[in-house]
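Report on the following structure.
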Amino acid sequence: MYLKKPIWSDGPSPTPENPSGSEIGEETDAATMVVEELVTSLNTQRLYRELTLSLRTGLRDARAEFSFLRIRGLRSLLKTLRSIAESDSIIRLFSHTQTISDLQLVPVLFRHSLKEAEDDRVTSLDHIFSVEPMKITSPSTDDEVAVALRVLEGCCLLHPQSTVLAHKHGAVRVMMNILSTRGVLEQGACLDALISILLDSSANQVDFGACNGIEEVAMLMRDKQADENLRLRCGEFLLLLVGHVNGKDRSPIASVNEDIRRLLGEKSASLIWAASQFGSTGDPEQRITALHIQAGRVLESLDMY
C-alpha cells in the first residue's frame with residue numbers, strides 16, 4: 001500500500017504565482033511559521049498520547065494482585081521516567097499528566113507496592129460460606145519495594161508537587177519503617193527516595209522530625225556491622241540534607257546540624273557542615289564523585305572513635 005506523506009511534514013508548497021519583491025518573502029515567512037507551529041503541535045500531541053499510553057500500561061500492572069506483575073509495571077514506569085528526564089518539554093507533559101487522578105503514580109505506589117503489611121487474622125468467615133472467591137494479594141517482595149522506591153524518587157524529582165501526594169499517604173512514616181526493617185537493597189533505595197520527598201516540602205520535613213529520622217540514619221551509619229555501602233549512603237544522605245537545609249532558618253529541620261553533632265560527634269558534624277558550604281560544579285558526574293568522596297571522609301572520621 002502506498003501512503004502519501006502528511007501535508008504537515010514538509011515546508012510550504014510554492015505558490016502558483018511568483019510575485020517579486022518583499023511580498024514573496026513575507027508570504028513565505030508566514031507560511032513557514034504556520035507549518036512549523038502545526039508540526040510542533042502535532043508532535044506534542046503524539047508525544048502526549050505515547051506518554052499517557054506508557055503510564056496507563058505501567059499503572060495497570062502496578063495495581064495487579066501478583067507481585068511479579070507489579071514488578072513488571074514498576075520497571076516499565078521507571079524506564080518511562082528515565083526517558084522523560086531527557087527532555088524538558090516531555091517533563092512538562094508529564095507534570096500535566098500528574099494532575100489527572102487516573103495517571104498519578106504516587107497513590108498507586110502506596111496502595112500496592114509500598115503498602116504496609118496488615119494483620120492477617122481472619123475477622124470474617126463469610127468468604128467460606130459464599131460463592132464469591134476470596135481475593136488474595138501477594139505481599140511485596142524486596143525487589144518490588146526497591147523498584148517502587150526508585151519510581152517514587154523519579155516522580156518527585158520530575159514533578160515536585162508529587163511530594164504533596166506522598167505526604168497525604170504518610171510517605172515518611174512508611175519509608176522510615178522500611179529503613180528500619182527491610183534489607184540493604186530496599187534501605188539504599190529508601191534513602192534516595194527519602195531525600196527527594198524532603199526537598200522543599202515542609203510537611204514531609206515535619207514528619208521526618210516527628211519520626212526521629214536523623215537518629216535512625218545516624219544509628220545505621222554508626223553501626224560498624226552494617227553494610228559498608230549502606231553506611232556510605234547514609235553519609236551522602238546527611239550531606240545532601242544539610243546542604244539543602246543550610247541557611248534556611250525557617251525549615252522544620254533547621255536544627256539538623258545540632259542533631260548530627262550530638263549523634264555523630266563534633267568532628268563528623270564539622271566535616272558535614274564544611275562540605276555543605278562549598279558550591280558544586282555543573283557536571284552531574286563530578287557532583288556525584290565529590291559527594292561520594294565527602295561521605296567516605298565522614299565515615300572514616302566516625303570509625304576513628
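Atom-to-atom distance recorded for Leu157:CG and Ile195:CD1 is 10.0 Å, nearest 0.5 angstrom. With values rounded to the nearest 0.5 angstrom, Arg82 atom CZ is found 11.5 Å from Leu158 atom CG. Taking CH2 of Trp273 as the reference point, atom CD of Glu266 lies at 11.0 Å (rounded to 0.5 Å). Here CD1 of Ile197 is found 10.5 Å from NE2 of His167. Values are rounded to the nearest 0.5 Å. Distance CD/Gln205 to CG/Leu199: 8.0 Å, rounded to 0.5 Å.
In this structure the side chain of Leu238 reaches within 4.5 angstrom of the side chain of Leu264, judged on heavy atoms. Contact check for Asp223 versus Arg231: no side-chain heavy atoms found under the 4.5 Å cut-off. Side chains of Leu114 and Ser140 form no contact here, defined as non-hydrogen atoms less than 4.5 Å apart. For the pair Arg56/Asp102, a side-chain contact is recorded, criterion being any heavy-atom separation below 4.5 Å from C-beta on. Contact annotation: the side chain of Leu74 approaches that of Ser113 to within less than 4.5 Å [non-hydrogen atoms, C-beta and beyond]. Counting heavy atoms from C-beta on, the side chains of Asp192 and Leu149 never come closer than 4.5 Å. Proximity of Arg75 to Ile71: side-chain heavy atoms (C-beta onward) are separated by under 4.5 Å at one or more points. Within the 4.5 Å cutoff, the side chain of Leu241 has heavy atoms near those of the Ile214 side chain.
A side-chain donor-acceptor contact under 3.5 Å links Ser301 and Ser268. For the residue pair Ser54 / Thr80, a side-chain donor-acceptor distance below 3.5 Å is found, with atom types taken as modelled. If you check the side chains of Glu65 and Thr137, you find no donor sitting under 3.5 Å from an acceptor. Judged purely by distance below 3.5 Å, without hydrogens or angles, the side chains of Glu144 and Ser67 pair a donor atom with an acceptor atom.
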Evaluate the side chain to side chain contact (heavy atoms under 4.5 Å, CB included) criterion for residues Val108 and Arg111: first the C-alpha distance (whole Å), next the side-chain angles of each, then the deciding distance (0.1 Å), finally the verdict.
CA-CA 5 Å; Val108 174; Arg111 290 171 186 163; 5.6 Å; no
Under the side chain to side chain contact (heavy atoms under 4.5 Å, CB included) criterion, do Cys156 and Gln161 qualify, and how do the steps go?
CA-CA 7 Å; Cys156 291; Gln161 288 76 18; over 6 Å; no
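Side-chain N or O atoms of Thr163 include one that pairs as donor or acceptor with a backbone N or O of Pro160 at under 3.5 Å. One N or O on the side chain of Gln187 and one on the backbone of Leu179 form a donor-acceptor pair closer than 3.5 Å. Judged by distance alone, with hydrogens and angles left aside, the side-chain atoms of His169 form a donor-acceptor pair with the main-chain N or O of Leu165 at under 3.5 Å. Of the possible donor and acceptor atoms, none in the side chain of Ser201 sits under 3.5 Å from a partner among the backbone N and O of Leu198. In terms of modelled atom types and a separation under 3.5 Å, the side chain of Gln294 and the main chain of Ala275 share no donor-acceptor contact. With hydrogens and angles ignored, the 3.5 Å screen pairs no side-chain donor or acceptor of Arg261 with any backbone N or O of Ala269. Ser76 places no side-chain N or O within 3.5 Å of a backbone atom of Arg72 that could act as its donor or acceptor partner. Formation of a donor-acceptor pair under 3.5 Å by the Thr99 side chain with backbone atoms of Ser95 is not found in this model.
A salt bridge links Glu153 with Arg150: at least one charged nitrogen is closer than 4.0 Å to a carboxylate oxygen. Classification of Arg262 and Glu215 as a salt-bridged pair holds, one side-chain N sitting under 4.0 Å from a carboxylate O. Here Arg182 pairs with Asp142 in a salt bridge; the nearest charged N to carboxylate O distance falls below 4.0 Å.
The heavy-atom pair separating Val147 from Leu78 by the smallest distance is CG1-CD2, 4.4 Å. Here the closest non-hydrogen pair linking Ala171 and Phe110 is CB-CZ, 3.4 Å. Heavy atoms only, all atoms of each residue included: Leu191 and Phe237 are closest at O-CD1, 3.6 Å. Smallest separation of non-hydrogen atoms from Glu236 and His292: OE2-ND1, 3.2 Å. The minimum heavy-atom distance linking Ile178 with Val145 is given by the pair CD1-CG1, 4.0 Å. The two atoms that bring Thr181 and Asn177 nearest to each other are OG1-O, 2.6 Å, heavy atoms only.
Other residues, nucleotides and ligands place no more than 12 heavy atoms under 6.0 Å from the CZ atom of Arg297.
Note on ring orientation: taking the six-membered ring where Trp is involved, the planes of Phe94 and His159 are perpendicular (angle over 60°, cut-offs 30° and 60°).
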